[in-house]
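So you know, we letter chains A, B, ... as the sequences are listed, proteins then strands, and number each from 1.
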Amino acid sequence: METTAERMLTGNKAMAEAIAQEMERDPNVFVMGEDVGKYGGIFGSTEGLLKKFGPSRVLDTPISETAFIGAAIGAAAEGMRPIAELMFVDFFGVCMDQIYNHMAKIHYMSGGSVKIPMVLMTAVGGGYNDAAQHSQTLYATFAHLPGMKVVAPSTPYDLKGMMISAIRDDNPVVFMFHKSLQGLGWMDPIDAAIGPVPEAPYTVPLGKAKVVRPGKDVTIVALQMMTHYALEAADRLAEQGIEAEVIDLRSLVPLDRETILQSVRKTHRLVVVDEDYRSYGVTAEVAALAAEEAMYDLEAPIRRLAIPDVPIPYSRPLEQRIIPGPQSIFDTVVKLMEE
Amino acid sequence: METTAERMLTGNKAMAEAIAQEMERDPNVFVMGEDVGKYGGIFGSTEGLLKKFGPSRVLDTPISETAFIGAAIGAAAEGMRPIAELMFVDFFGVCMDQIYNHMAKIHYMSGGSVKIPMVLMTAVGGGYNDAAQHSQTLYATFAHLPGMKVVAPSTPYDLKGMMISAIRDDNPVVFMFHKSLQGLGWMDPIDAAIGPVPEAPYTVPLGKAKVVRPGKDVTIVALQMMTHYALEAADRLAEQGIEAEVIDLRSLVPLDRETILQSVRKTHRLVVVDEDYRSYGVTAEVAALAAEEAMYDLEAPIRRLAIPDVPIPYSRPLEQRIIPGPQSIFDTVVKLMEE
Amino acid sequence: MTVPLPKLKWMYEQMVKIRYYEETMVAVYAEGKQPVFNIGAGTVPGEMHLAAGQEPAAVGICAHLQKKDTVTAPHRPHHHAIAKGVDLKRMTAEIFGKKTGLGKGKGGHMHLFDPHVKFSCGGIIAAGIPHAAGAALAAKMKGKDSVAVAFVGEGAANAGAFHETLNLAALWKLPLIVVIEDNAYGISVPKSESTAVKTNDRRAAAYGIPGVYVEDNDPVEMYRVSEEAVDRARRGEGPSIIEIETYRYLGHFQGDPEIYRNPEEVPLLRKKDPIHRLITLLEEQSVSSGELEQMEIRARQEVDEAYEFARNSSYPDPAEALEDVFHRAEVNV
Amino acid sequence: MTVPLPKLKWMYEQMVKIRYYEETMVAVYAEGKQPVFNIGAGTVPGEMHLAAGQEPAAVGICAHLQKKDTVTAPHRPHHHAIAKGVDLKRMTAEIFGKKTGLGKGKGGHMHLFDPHVKFSCGGIIAAGIPHAAGAALAAKMKGKDSVAVAFVGEGAANAGAFHETLNLAALWKLPLIVVIEDNAYGISVPKSESTAVKTNDRRAAAYGIPGVYVEDNDPVEMYRVSEEAVDRARRGEGPSIIEIETYRYLGHFQGDPEIYRNPEEVPLLRKKDPIHRLITLLEEQSVSSGELEQMEIRARQEVDEAYEFARNSSYPDPAEALEDVFHRAEVNV
Ligand SMILES: Cc1ncc(C[n+]2csc(CCOP(=O)(O)OP(=O)(O)O)c2C)c(N)n1
Ligand SMILES: Cc1ncc(C[n+]2csc(CCOP(=O)(O)OP(=O)(O)O)c2C)c(N)n1
Ligand SMILES: [Mg+2]
Ligand SMILES: [Mg+2]
């Protein structure tokens, strides 16, 4: 019985709402980054915040990622709860030291005496021809290094709920949002970028994957855009009589090993799909997990679909060749079922 | 018939000799980095070079990794063949942008019209209580990102031969040398850090793994210190009647898939040992490769031994707990043989 | 000082060419993005940063450069590329993502490489400065008198790479000139909210090198100070900083809503257009309006031909995505 | 100016304590590393960077700090930690890798955290500067008048983080003081081969802030300029740079062959020892030699007790390696 129409929000508005609600709830929460103020974030993640909270809590920064992310760390150590935006994840290389050697390690190196409760949010993903330095996801680059949670939600609902969880978490959280799932007016409009989002604050736990489509024949593990492509592929596979179970990872650290293993133990077949580079990446970790823990349950080799080990090319036909899509997922599963 | 006594060199001297010989051979080769001059490199990799070649070809730099690695890229694009030293791999975070977004991608982004023939050499590894910011290997952090070769030799012979190959390669090569394998006077003296090294220049190909001990019962894939520990474990396993085949990866990019797969197809069991963090790391990639390509050949689950996902702790008992060693390799294999 | 007439003409023709190139791009970029703007659609997808109004920075110094000199540019690179003499056809084809492009379609608008004239650019703020220093170092090591120029925006002067490289270059007396284009904004952030000093020439003091500030987008003054800096570099006396106040007529990128600036700002800037200024100067030196027109026609024709070439070229084959990762090797998939 | 007598005494006692702490560490660090030096062996393994001779930098400014003020230090942190009032027992236990250490043995000598006195340090050059700026930002946001001091070596002033953070701090008028200890070397590289300007106070011009250079390791002058900088910061007027010429008596780290410096250098420096200078000043102010001796005894006793405490503490259990990665969670292995 539906009594009220569900409220629909785009990904970016869901994120901005989460941040706004937490800023209202806790005076220690503040936002900093390039163009997070008047502009509202290049990918809209801070839309409306400057107006609501003013420039003392929504800080535009110089192009100085090491300085301002480092300052966020220093402020977090003093009990603030900063949300720092790294505009594109591709820029991590100018400030990774602060992220992985300090943000991620201070809690451990201090024997737990210093907490760094901060969120590093950053835009990931390609598919719109922004070329080699503006199209990466770098999921595994972050997930490989210990001490930070790494999450990558796929729906407006999860963007809001996981952002609230991230802000309330006492640990550093790298919050990756996919540009194509922000629902921005200047991007390819896709259905998945808009969805039901309750207005009242709520949390979605970090570290839990989600079975977004149950199935019995094969498990497809994916995240962000690849989840949506996997769902498209699953629809078409169903027409062929193949029931794929699709798992949206949502979180890379902690990785929800149980949800993956349960599914593999049920379906006996595993395909992992990733928008990051293939080697030493997410597909490797999930495949290795199954090869360690569910080897006897597997009835076929594991299949990995990811960006081949090439920088993201600019030209449309080239980029389309290297990012997995519904078709390549479909083809891979069909072939695997023949094994 | 041995006619001449083999010449024995430490790892660092093997490296320095390779560089010296290439500098003599090619006036475009030069070295830059912190303390590479008078000091001869903190880990001895440039010992004696300043004296031989003078300060115009052996350049001490300020603590400005972005500037000097970036300058190496710019010089390489102009036809020079720089060897830049990043003193500890742990410092990559202050200069990764230059490394992964430029050094590694320029050849591709330029459609092959600009070559970046440079070597980025860097010290890796722990085991001597240098704590969380000076003990990492970060193998997978580099190997995950496309466009650079990533090698990690384990013997003085390979250090020399692979360094010469790296300098002559027209592509950017990340050359990781393990501190413990340099044979330095102030480190724990270990046998593996000294070995036969021919004086005349020679090359060892990049991208080729090496079976360093043949065996039929189980494959142990390892690199650098882990190779030596695996060999120790294999000796003890042999006493128990278990014949382990040990593969020294030597190169992470390109990865020698064939050598690994051949071995696994023969032994039907795989253990991967790594001194990098476990998740999304080298053990995952090698395990995934086997799960993709040799699934039907495996008779037991794959086992991974690596640094658990924790920053490297300082205190001796803590550090010893988290770095794999001969004992944990031995135990893992024994247990696996019971599967 | 007066600019020698041939140089003044060269600057004029380049500025006209750049302006027309960028204005043409405004239209081409919009193709396939109407009625609803979609960044990934149309003839030219991806981000597009145009430099209409910023021509003086590029031509004022490139007038002193030769083929052997290196230029590195940032995300907004067309004016530098054109002034440095990059192959316009192959550059445009690259921006169209075509196989005939400078990078065979792999690089795109932010990643143009033309080794024949030693030009490169990239999308990471300030990252090109060390590359230019490296070219300067190579020149020095080889005993050549070539120089390197790194162009950046005023926002880039706050990045660590700026500081590290200028210190290195000053220390080693590298023939490097860093040109800072102060177009008042880094995306939406005004200079006053990003930079602790009013002008970045003051930062030269941190390296013991000369620094100058060129006011009001003046191409002639830019020519003059560049001559000094380039000569100094060629003489082996080390690096300099030049900052020029310049005007960004368009948005940060095409599609920028520009909510952060007063709508009256650009019309006022356009009134002071540097191309008009050059016309006045040329007329003062008795260059006929016929000759000016000829130059403009020639410039436009070159641009039109480049766009034609790009349009008529074909896309790369998808399989080519896997080539060129390594020199003489294909990627293993 | 004259330093108020209680402050002068405080500085003297701290300097004596620091010196004795470092000299004791020389011996303790050597334990188990003879006859053959092995960095990973002995009572205290790993790298060891000592600060004997550099006391004035730490005490001159810490004399103006309170518990609420933040200090971040680099890889050579003992003098700053002691001057800031870090728990000496737990600090020493940490350096011994003991469970009672500040970080339960996880951090070690380069990673000392004492949140009670807002002290931290780290092993990456210049990385602590932004952390101090963040503490300063937090103070500003909370409306407090506390300040933050980032200590770095002169080598660190060439790192990008230095520039980025000073610009940010100047822009936002953060209560930050960056203290640069010019001990003439970054490991083996002399300042003249790493830094394009003679003194780093000149770099203050790049941020429009005050910069001063203290010559000859003078603790009194350091006290004086620090007072100005700290007061300015507390008043909300923004950051300052202080560089002090100081002396590194020991190697870069213990075990450093020091082939890069003249063996006569250190004996000459030791002749100008700042502790002797303070003794002279105290005597001038009629402090008796008996009182001086008392202070020294007290300082040494505190140090001895700290080493005792460390020595007698037990090592952590190996399983603890897996704890503390995340707050309230153990790692999954
Ligand atoms: C390291 C890095 N940080 C952020 C960005 C995103 N970004 C692209 S252009 C730009 C503004 C640059 O401003 P400025 O240097 O003044 O150049 P302009 O765009 O005005 O020409 C920013 C922040 C980037 N590309 N690289
Ligand atoms: C980013 C980074 N690069 C290099 C190093 C290695 N390193 C440790 S101490 C040091 C020299 C530091 O010199 P300075 O800042 O003058 O401090 P000092 O040792 O003289 O106290 C270097 C290069 C490092 N720790 N971090
Ligand atoms: Mg600008
Ligand atoms: Mg120093």
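In the displayed structure, B/Lys210 atom NZ is contacted under 6.0 Å by at most 12 heavy atoms of other residues, nucleotides or ligands. In the displayed structure, B/Lys208 atom NZ is contacted under 6.0 Å by at most 12 heavy atoms of other residues, nucleotides or ligands.
A side-chain donor-acceptor contact under 3.5 Å links B/Arg81 to the backbone of B/Arg168. Distance alone, capped at 3.5 Å, is enough to place a donor-acceptor pair between the C/Asp87 side chain and the C/Arg90 backbone.
Contact detail for B/Ser263 and B/Thr219: the closest heavy-atom pair is OG-OG1, 2.6 Å.
Under the 3.5 Å distance criterion, with hydrogens and angles disregarded, a donor-acceptor pair is assigned to the side chains of C/Asn158 and C/Thr195. Under the 3.5 Å distance criterion, with hydrogens and angles disregarded, no donor-acceptor pair is assigned to the side chains of B/His144 and B/Glu285. The closest side-chain donor-acceptor pair between B/Asp90 and B/Gln133, if any, does not fall under 3.5 angstrom. Remark: the B/Ser45 side chain and the B/Glu85 side chain contain an N/O donor-acceptor pair separated by less than 3.5 Å. Side-chain N/O atoms of C/Tyr21 and C/Thr92 include a donor and acceptor closer than 3.5 Å.
Using a 4.5 Å cut-off between heavy atoms, C/Leu137 touches chain B through its side chain atoms alone. Neither the backbone nor the side chain of C/Leu174 has a heavy atom closer than 4.5 Å to any heavy atom of chain B. At a 4.5 Å heavy-atom cutoff, the contact between C/Lys142 and chain B is made by side-chain atoms alone. Contact of B/Asn28 with chain C is made through the side chain alone, with heavy-atom distances under 4.5 Å. Neither the backbone nor the side chain of B/Met118 comes within contact range of chain C; no heavy atoms are under 4.5 Å apart. Residue C/Asn167 touches chain B through its side chain alone, counting heavy-atom pairs closer than 4.5 Å. Contact annotation for B/Val173: neither backbone nor side-chain heavy atoms come within less than 4.5 Å of a heavy atom of chain C.
Ion pairing between a basic and an acidic side chain is recognised when a charged N comes within 4.0 Å of a carboxylate O; C/Asp145 and C/Lys140 show no such pairing. For the pair C/Glu320 and C/Lys106, the salt-bridge criterion is not met [side-chain N within less than 4.0 Å of a carboxylate O].
Between chain C and the options B/Ile69, B/Thr66, B/Val94, the largest number of non-hydrogen pairs under 4.5 Å is found for B/Thr66. Ranked by heavy-atom pairs shorter than 4.5 Å toward chain C, the options B/Pro27, B/Pro82, B/Gly74, B/Ala77 are led by B/Gly74. Ranking C/Gly128, C/Pro130, C/Gly101, C/Ala132 against chain B, the residue ahead of the rest is C/Pro130, based on heavy-atom pairs under 4.5 Å. Counting heavy-atom pairs under 4.5 Å between each of B/Ile73, B/Thr61, B/Asp97 and chain C puts B/Asp97 at the top.
For residues 66-86 of chain C, heavy-atom neighbours of chain B at less than 4.5 Å comprise C/Thr70, sorted by residue number. Proximity to chain C at a heavy-atom threshold of 4.5 Å picks out B/Asn101, B/His102, B/Ile106, B/His107, B/Tyr108, B/Met109, B/Ser110, B/Gly111, B/Gly112, B/Ser113, B/Val114, B/Lys115 from residues 99-116 of chain B, in numerical order.
Ring pair C/His163/C/Tyr207 is tilted by interplanar angle, where 30° to 60° counts as tilted.
Proximity of B/Ile19 to B/Met23: side-chain heavy atoms (C-beta onward) are separated by under 4.5 Å at one or more points.
A cation-pi arrangement, defined by a distance under 6.0 Å to the six-membered ring centre and an angle within 45 degrees of its axis, is absent between C/Lys99 and C/Tyr315.
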